[in-house]
Number of protein chains: 2
Amino acid sequence: MEAIAKPQTGLCITHILPIRDALDILSGKWKIPIIVALCVHKRRFKELHRDVTGITAKMLSKELKELEMNKLVKRTVHDTSPVTVEYSITEYGHSLGPVINELRDWGLKHRDKIIYHPEEA
Amino acid sequence: MEAIAKPQTGLCITHILPIRDALDILSGKWKIPIIVALCVHKRRFKELHRDVTGITAKMLSKELKELEMNKLVKRTVHDTSPVTVEYSITEYGHSLGPVINELRDWGLKHRDKIIYHPEEA
DNA sequence: GATACCAGTATACAACCGTAAACCAGTATC
DNA sequence: GATACTGGTTTACGGTTGTATACTGGTATC
């Protein structure tokens, strides 16, 4: 790369990099649906598997691990028999609320636009 | 990739589906960086290729087509020689502003958290 | 003993995302 | 003629994402 900083370097640091950070954590088909489901109330693995429509056990397991690593979701093992595992959203996970709300608002508006004005520029 | 996801019930319709719609359109490594770059000012292909650090021509071409299909970006061909092509953000593209701002805010806060409180729950 | 539920794993596979590099036509400059 | 600019496309390839199916071990129920 170049030794001399490009003019948009400032733009990158303050505008693009944090967005990439956020997208890295939230990307993929399932993470946000899982978070939304857990925001309503905590759930066990099989309950999540049923409630997050279409996800496979492998993906659910993988996504939950990543969300736990990022401190967005908490995994609690209860010493019952058989063992039950409970997933809940952390306080930090709740900090995603505004992001999720904006995404949802935009998605709803977009859906309206697609349905009612499909050909409009 | 479907423009509109399958019909479902309750929580899904009002909360999860619109988020999926939004993510379908914005997903991937490059779309939001491209939109952010174009928000600053319109650019030609090669300029974008230089300014969106790391993207390949193939991906840039592909992403621009998808963004154009979704009316977020406008492609204008100028009858110069050689032909110049100009990409600009549409008014509809600007409607993503709040989403991008929230993502950026959260990404900045997350970065702070990772840097200053890496072990905290 | 047979079945079912719990929380996942294991394996195999397909599709998509993304990279690297070469290549195209047309115009202009050296 | 050689090179470089314009805006891309083509080919080849690897890595990740995501799906499908089967399976584990322990407990409880029928």
Side-chain angles (χ1 to χ4, degrees), chain A residues 1 16-17 19-35 37-38 42-70 73-88, chain B residues 1-3 5-6 8 16-17 19-35 37-38 41-70 73-88:
Chain A
M1 295 305 288
I16 295 183
L17 282 186
I19 289 169
R20 284 211 186 154
D21 291 341
L23 288 178
D24 279 349
I25 288 169
L26 302 176
S27 67
K29 193 171 175 178
W30 302 112
K31 291 202 186 66
I32 291 191
I34 291 169
I35 290 171
L38 288 178
K42 58 191 177 185
R43 281 176 173 82
R44 287 177 306 169
F45 187 86
K46 285 287 180 185
E47 292 176 317
L48 268 175
H49 191 190
R50 278 189 295 264
D51 294 348
V52 179
T53 317
I55 197 170
T56 59
K58 178 189 166 187
M59 287 308 298
L60 180 55
S61 174
K62 185 191 151 215
E63 301 288 64
L64 283 170
K65 274 177 196 158
E66 292 181 23
L67 291 172
E68 200 194 346
M69 272 174 35
N70 286 313
V73 162
K74 186 178 165 198
R75 182 179 185 269
T76 311
V77 180
H78 293 284
D79 195 17
T80 55
S81 64
V83 165
T84 54
V85 181
E86 197 177 72
Y87 293 92
S88 55
Chain B
M1 173 166 64
E2 303 172 65
K6 290 183 290 184
Q8 290 169 4
I16 295 183
L17 281 187
I19 289 169
R20 282 211 188 154
D21 292 341
L23 288 177
D24 279 349
I25 289 169
L26 301 177
S27 67
K29 193 171 173 179
W30 300 113
K31 290 203 186 65
I32 293 192
I34 291 170
I35 290 171
L38 288 178
H41 57 77
K42 59 191 177 186
R43 281 176 173 82
R44 288 177 306 172
F45 187 87
K46 287 287 182 184
E47 291 176 319
L48 267 176
H49 191 191
R50 279 188 295 262
D51 292 349
V52 179
T53 316
I55 198 171
T56 61
K58 178 188 167 186
M59 287 308 297
L60 181 55
S61 174
K62 185 191 150 214
E63 301 287 65
L64 284 170
K65 272 177 197 158
E66 292 181 22
L67 291 172
E68 199 194 348
M69 272 174 36
N70 286 313
V73 161
K74 188 179 166 199
R75 183 178 186 271
T76 312
V77 180
H78 294 284
D79 194 17
T80 55
S81 63
V83 165
T84 55
V85 181
E86 197 177 75
Y87 294 92
S88 55

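The chains referred to below are lettered A, B, ... by the order of the sequence lines, with proteins before strands, and numbering in each begins at 1.
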note = Closest to the side chain of A:Thr56, out of C:dT19, D:dT19, D:dT9, is D:dT19
Residues forming a side chain to side chain contact (heavy atoms under 4.5 Å, CB included) with B:Lys58, sequence neighbours excluded = B:Thr56
message = Applying side chain to side chain contact (heavy atoms under 4.5 Å, CB included), can you list everything that pairs with A:Arg50, at least two apart in sequence or on another chain?
response = A:Lys46, A:Glu47
message = Does C:dG8 have its OP1 or OP2 closer than 4.0 Å to a side-chain nitrogen or oxygen of A:Arg75?
response = yes
Polar atoms only, N or O, under 3.5 Å: list the protein pairs with nucleotides 27-29 of chain D and their distances.
residue, atom, partner, partner atom, Å
D:dA28, OP1, A:Ser81, OG, 3.1

request  = Kindly say if B:Ser61 contacts the phosphate of D:dT9, meaning a side-chain N or O under 4.0 Å from OP1 or OP2.
outcome  = yes
query = Side chain of B:Arg75, backbone of B:Val73: donor and acceptor closer than 3.5 Å?
reply = no
ask   = Does B:Lys29 put a side-chain nitrogen or oxygen below 4.0 Å from OP1 or OP2 of C:dC17?
value = no
Would you tabulate the nitrogen or oxygen pairs shorter than 3.5 Å linking the protein to nucleotides 10-13 of chain C?
residue, atom, partner, partner atom, Å
C:dA12, N6, A:Lys58, NZ, 3.1

request  = Starting from P on D:dA4, measure out to NE2 on B:His49 and report it in whole angstrom.
outcome  = 17 Å
task = Could you tell me whether a side-chain N or O of B:Lys31 sits under 3.5 Å from a main-chain N or O of B:Ser27, the two making a donor and an acceptor?
result = yes
request  = Compute the angle between the rotation axes at the two ends of the helix from C:dG1-D:dC30 to C:dC30-D:dG1, each taken over five pairs, rounded to 10 degrees.
outcome  = 20°
Which residues share a salt bridge (Lys or Arg N to Asp or Glu O under 4.0 Å) with B:Glu68, sequence neighbours left out = none
